Amino acid sequence: MFEAFIDSQPGSIALGIIWGIMAIGVYITYKVLDIADLTVDGSFSTGGAVLVVCVTSGMNIWLAMLLAFISGCLAGLVTAIFHTKFGIPAILAGILTQLALYSINLRILGGMANLPISFRKYNLLLTLSDIPKSLIMGGIFTVALIAILYWFFGTEIGHSLRATGCNQTMSRANGVNTNVAKTIGIVLSNGIVALSGALLAQYNGYADINMGRGAIVIGLAAVIIGEVVFGKIFRNFALKLLSVVIGGVAYYFFINLVLTLGLPANDLKLLQAVIVAVFLGIPYWKNSITKGKHKIKKENKGGVINA
Amino acid sequence: MLEIKDVYKVFNAGTVNEKIALSGLNLTLADGDFVTVIGGNGAGKSTMLNMISGVYPCDEGQIVLDGKDITSMKEHRRAKYLGRVFQDPMMGTAATMSIEENLAMAYRRTRHRGLAWGVSRPEKSTYKELVASLGLGLENRMTTKVGLLSGGQRQAITLLMATIQKPKMLLLDEHTAALDPKTAAKVLEITDEIVKNDSLTTMMITHNMKDALRLGNRLVMMHEGRIIFDVSGEEKAKLDVPDLLKMFEKASGGEFANDRMLLA
Ligand SMILES: Nc1ncnc2c1ncn2[C@@H]1O[C@H](COP(=O)(O)OP(=O)(O)OP(=O)(O)O)[C@@H](O)[C@H]1O
Ligand SMILES: [Mg+2]
């Protein structure tokens, strides 16, 4: 049993990297913009579906990747419009797009729930029957993506996104159109998520209508694990993004472990939800303890300020 | 410079919580005016500044800045013309960004943002000098996240941000109210210096009547969403706190006034 676990490690590292790339997309909305965007469950599948349909109809793989990225961007744009133009709360806006995407993804897949793509027939970037190649490809994508995002968030527009996620009053007072900033962030995030879906479809050898189900939870798990483990030592933005991908790998390592230990696969989603809930709760619990202390301090000081 | 013409603002209109915050507000400021604004809680002082900044749309009336009607201009567009410092020291800065990144955000207030670097190298040394001029020792912490600074330090940085690109108007909403007396005095001193150096047209809301009398060339008192008292120049210089209380009583229609009403 344990040997099987060891043997399956390279595969789960590859999966962890692919989902880690998705988690970088989640990081942009959840951490930088402070928005929980549930579009990703849908846009992940969209990316996979677009890639498989394009490649199987004879398109160049890189062009297909680009289209998958753009399809995710469009999905994000819809959510951003719901949020900024219709005034719908971000979470609900994401849920609406996600719901709509189910129908759209089915249409992309030609009405099928599942569409195969064979690595023998097509020139794929990665596949689970060539794990070393997949690891290298995953690594290249990770490094390139982190480099691009590191540059982007250092630009003027990148700064306006960071400011918007932190303090909208300050951002507007300094001339930032916060709606535009949020839109750019949500669009970019979903583009990256769709790109990751396109990678997973190649790796697995098929696109599936349900492949993105629970993606947001996996993304959050990777973000939070990365933060808990490396938060104190990784201050640099690029390293923070790297810790998200490592978080994804750690997460798949852990999932693989509990499955090997005999957890029924059907209970996996339950476990995922519990893990993420607990990890999300930790900073809150920590905070409420320190806040309790803070209050006492403030009350003592208050007398002086009002005097 | 600034003309506020017959502006009305009602919050929660048509509900039990209806609140008339501004009721036919009229005020004209000349270039270089430094106006202190006083008035009891709920008089509409913050609402007035928020209307100038475009936080809320006007129900009625018109706001003209430097000959330009800005009544329906979006908040982030008006930012080009306005420097703002808020009562809450947390509001004016982005806590997760460094001191120099915050200043760089403010520096681009009047400009188009593109894919150039968010903070360029030459800017960094300019900001360092600027921060050094505050005399708070922050010039050695330029890459420190603003969230780690004290309220007074953050307020001083916000003041720099508000004036780093000379604004047509500087709007200060009780910007020293949350600070301890010593820090408040320091921030007020910096304020006065910056306003004088750049001869900025300024509106400063305060509950401290001594400050209201000591600073600026003009003083207005608000009550129930209107200006009830407006004095400037020589006349203002001659006033003292008891005078103000008497004025308030007379102008508000014999309403009982005490210093707590204005200071609270
Ligand atoms: N966003 C809002 N929604 C509803 N009511 C509001 C809002 N902003 C202000 N008000 C109300 O409008 C009135 C004027 O408020 P404003 O904040 O302008 O008073 P103020 O003069 O600044 O008072 P203070 O000295 O307490 O700061 C108050 O009755 C207030 O409750
Ligand atoms: Mg106020």
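Just so we're on the same page: letters track the sequence lines, and every chain starts at 1. Remember, predicted model here, so these are calculated numbers, not experimental data.
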**Asked** Between A/W151 and A/F237, is a ring pair (Phe, Tyr, Trp, His ring centres under 6.0 Å) present by the stated rule, with each step listed?
**Response** CA-CA 10 Å; A/W151 162 76; A/F237 186 68; over 10 Å; no
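Between B/E101 and A/R162 there is a salt bridge, with a side-chain nitrogen of the basic residue lying less than 4.0 Å from a carboxylate oxygen of the acidic one. Checked for salt-bridge contact, B/R108 and B/E123 meet the test: a charged N lies under 4.0 Å from a carboxylate O.
Formation of a donor-acceptor pair under 3.5 Å by the B/T15 side chain with backbone atoms of B/N17 is found in this model.
The candidate with the highest count of non-hydrogen atom pairs below 4.5 Å against chain B, out of A/H159, A/E156, A/Q168, is A/E156. Between chain A and the options B/V119, B/L115, B/T96, B/T158, the largest number of non-hydrogen pairs under 4.5 Å is found for B/L115. The most heavy-atom pairs under 4.5 Å with chain B, out of A/G154, A/A163, A/S171, come from A/G154. When each of B/A79, B/G118, B/G83 is scored by its heavy-atom pairs under 4.5 Å with chain A, the top score falls to B/G118. With chain A as partner, the option from B/Q165, B/K74, B/E75, B/K80 having the largest number of non-hydrogen pairs under 4.5 angstrom is B/E75.
In this structure, the portion of B/R84 lying under 4.5 Å from any heavy atom of chain A is its side chain and not its backbone. For B/F86, the part lying near chain A is the side chain, with the backbone staying farther off; criterion is any non-hydrogen pair under 4.5 Å. Using a 4.5 Å cut-off between heavy atoms, A/F152 contacts chain B through its side chain alone, with no backbone atom that close. In this structure, the portions of A/N174 lying under 4.5 Å from any heavy atom of chain B include both its backbone and its side chain.
For B/M73 against B/R78, the heavy-atom pair with the smallest separation is O-NE, 2.9 Å. Across B/A212 and B/T36, no two heavy atoms sit closer than the pair O-OG1, 2.9 Å.
No hydrogens or angles considered: a donor-acceptor pair under 3.5 Å links the side chains of B/K68 and B/Y81.
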